[in-house]
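Values below: all heavy atoms of this structure, side chains included; hydrogens, waters and symmetry mates excluded.
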Amino acid sequence: MKVAGFGFRRDVTAASLRDALTAAGGHDGLAAVATLSDKAEATALKQLAGELNLSIQAVPADRLVGVATFTQSGVIAARFGTGSVAEAVALVAAGRHARLVSPRAVSRDGMATAAIAEGEGE
């Protein structure tokens, strides 16, 4: 199961999410998109998921604690216990034996990050 994980600011646009996803490798072969539970209902994410005909997986913040990521942000580590929200939610959502296919990529406007992971699903 291939999943794109997203981290983004509250006022993100679908264009910013799309740009981050493109920078991370694009949507080909994706089974779902994922983000933190408290952002799963964001209009921009719902718009992008609808355009791509993908479901949104909501990942509780406590599931990110201790998830090893390629990217390391001190701010994110202090808040969530992992180095990258986008990478961690992608890994958690991709399920067992997940591995990063594409590490975190940032949209040109800096409003969104995306990473892609592949795993066995839940």
Novice: Over all heavy atoms of both residues, which pair between Pro103 and Ala115 is shortest? Give the atoms and the distance, please.
Specialist: C-CB, 4.0 Å

Novice: Are Phe6 and Val106 connected in the hydrophobic side-chain network, where two residues link if heavy atoms are under 4.5 Å apart?
Specialist: no

Novice: Partners of Glu41 by side chain to side chain contact (heavy atoms under 4.5 Å, CB included), sequence neighbours excluded?
Specialist: Lys46

Novice: Taking all heavy atoms of Ala93 and all of Ala34, pick out the closest pair and write down the distance.
Specialist: CB-CB, 3.6 Å

Novice: Is there a side-chain contact between Leu36 and Phe80, using heavy atoms and a 4.5 Å cut-off?
Specialist: yes

Novice: For Arg9, which residues count as a salt bridge (charged side-chain N to carboxylate O under 4.0 Å, His left out) partner, sequence neighbours excluded?
Specialist: none

Novice: Hey, does the side chain of Ser37 reach the backbone of Val59 with a donor-acceptor pair shorter than 3.5 angstrom?
Specialist: yes

Novice: Tell me every residue that passes salt bridge (charged side-chain N to carboxylate O under 4.0 Å, His left out) with Asp109, counting only those two or more places apart in sequence or in another chain.
Specialist: none

Novice: Is a side-chain N or O of Ser55 found less than 3.5 angstrom from the main chain of Ala32, in a donor-acceptor match?
Specialist: no

Novice: When hydrophobic residues are tied together by side-chain contacts of less than 4.5 Å, even through go-betweens, does Leu45 share a cluster with Val3?
Specialist: no

Novice: Following the transitive rule for hydrophobic clusters with a side-chain heavy-atom cut-off under 4.5 Å over Ile, Leu, Val, Met, Phe, Trp and Tyr, establish whether Val67 and Val89 coincide in one cluster.
Specialist: yes

Novice: Under a 4.5 Å cut-off applied to non-hydrogen side-chain atoms, are Arg10 and Lys39 in contact?
Specialist: yes

Novice: Please say which of Thr113, Thr35, Thr13 ends up in a side-chain contact (heavy atoms from CB on, under 4.5 Å) with Phe8.
Specialist: Thr35

Novice: Residues sharing Val65's hydrophobic cluster, by side-chain heavy-atom contacts under 4.5 Å among ILVMFWY, directly or via others?
Specialist: none

Novice: Are Val92 and Leu30 joined in one hydrophobic group, where the rule is that I, L, V, M, F, W and Y side chains link up if heavy atoms are under 4.5 Å apart?
Specialist: no

Novice: If I compare all heavy atoms of Ala112 with all of Ala20, which pair ends up nearest, and what's the gap?
Specialist: O-CB, 3.8 Å

Novice: Assigning hydrophobic clusters by single linkage (Ile, Leu, Val, Met, Phe, Trp, Tyr; side-chain heavy-atom cutoff under 4.5 Å), is Val101 placed with Phe70?
Specialist: no

Novice: For Ala24, check side chain to side chain contact (heavy atoms under 4.5 Å, CB included) against everything at least two apart and list the hits.
Specialist: Ser102, Ala105, Ala114, Ile116

Novice: Could you state the interatomic distance from CE (Met1) to CD (Glu118), rounded to the nearest 0.5 Å?
Specialist: 10.5 Å

Novice: Pairs in or reaching into residues 79-89: which pass side-chain hydrogen bond (donor to acceptor under 3.5 Å, both in side chains), with residues at least two apart or in two chains?
Specialist: Thr71-Glu87

Novice: Quick one: are Glu51 and His27 in side-chain contact, heavy atoms under 4.5 Å?
Specialist: no

Novice: With a 4.5 Å heavy-atom cut-off, do Leu52 and Leu21 have their side chains touching?
Specialist: yes

Novice: Search all heavy atoms of Lys2 against all heavy atoms of Asp28 and return the closest pair with its distance.
Specialist: NZ-O, 3.2 Å

Novice: Does the side chain of Val12 come within less than 4.5 Å of Leu17's, by heavy atoms?
Specialist: yes

Novice: Hey, could you give me the CG/CG distance between Leu64 and Leu91, rounded to the nearest 0.5 Å?
Specialist: 10.0 Å

Novice: Got a donor-acceptor contact below 3.5 angstrom from the Thr69 side chain to the Ala88 backbone?
Specialist: no

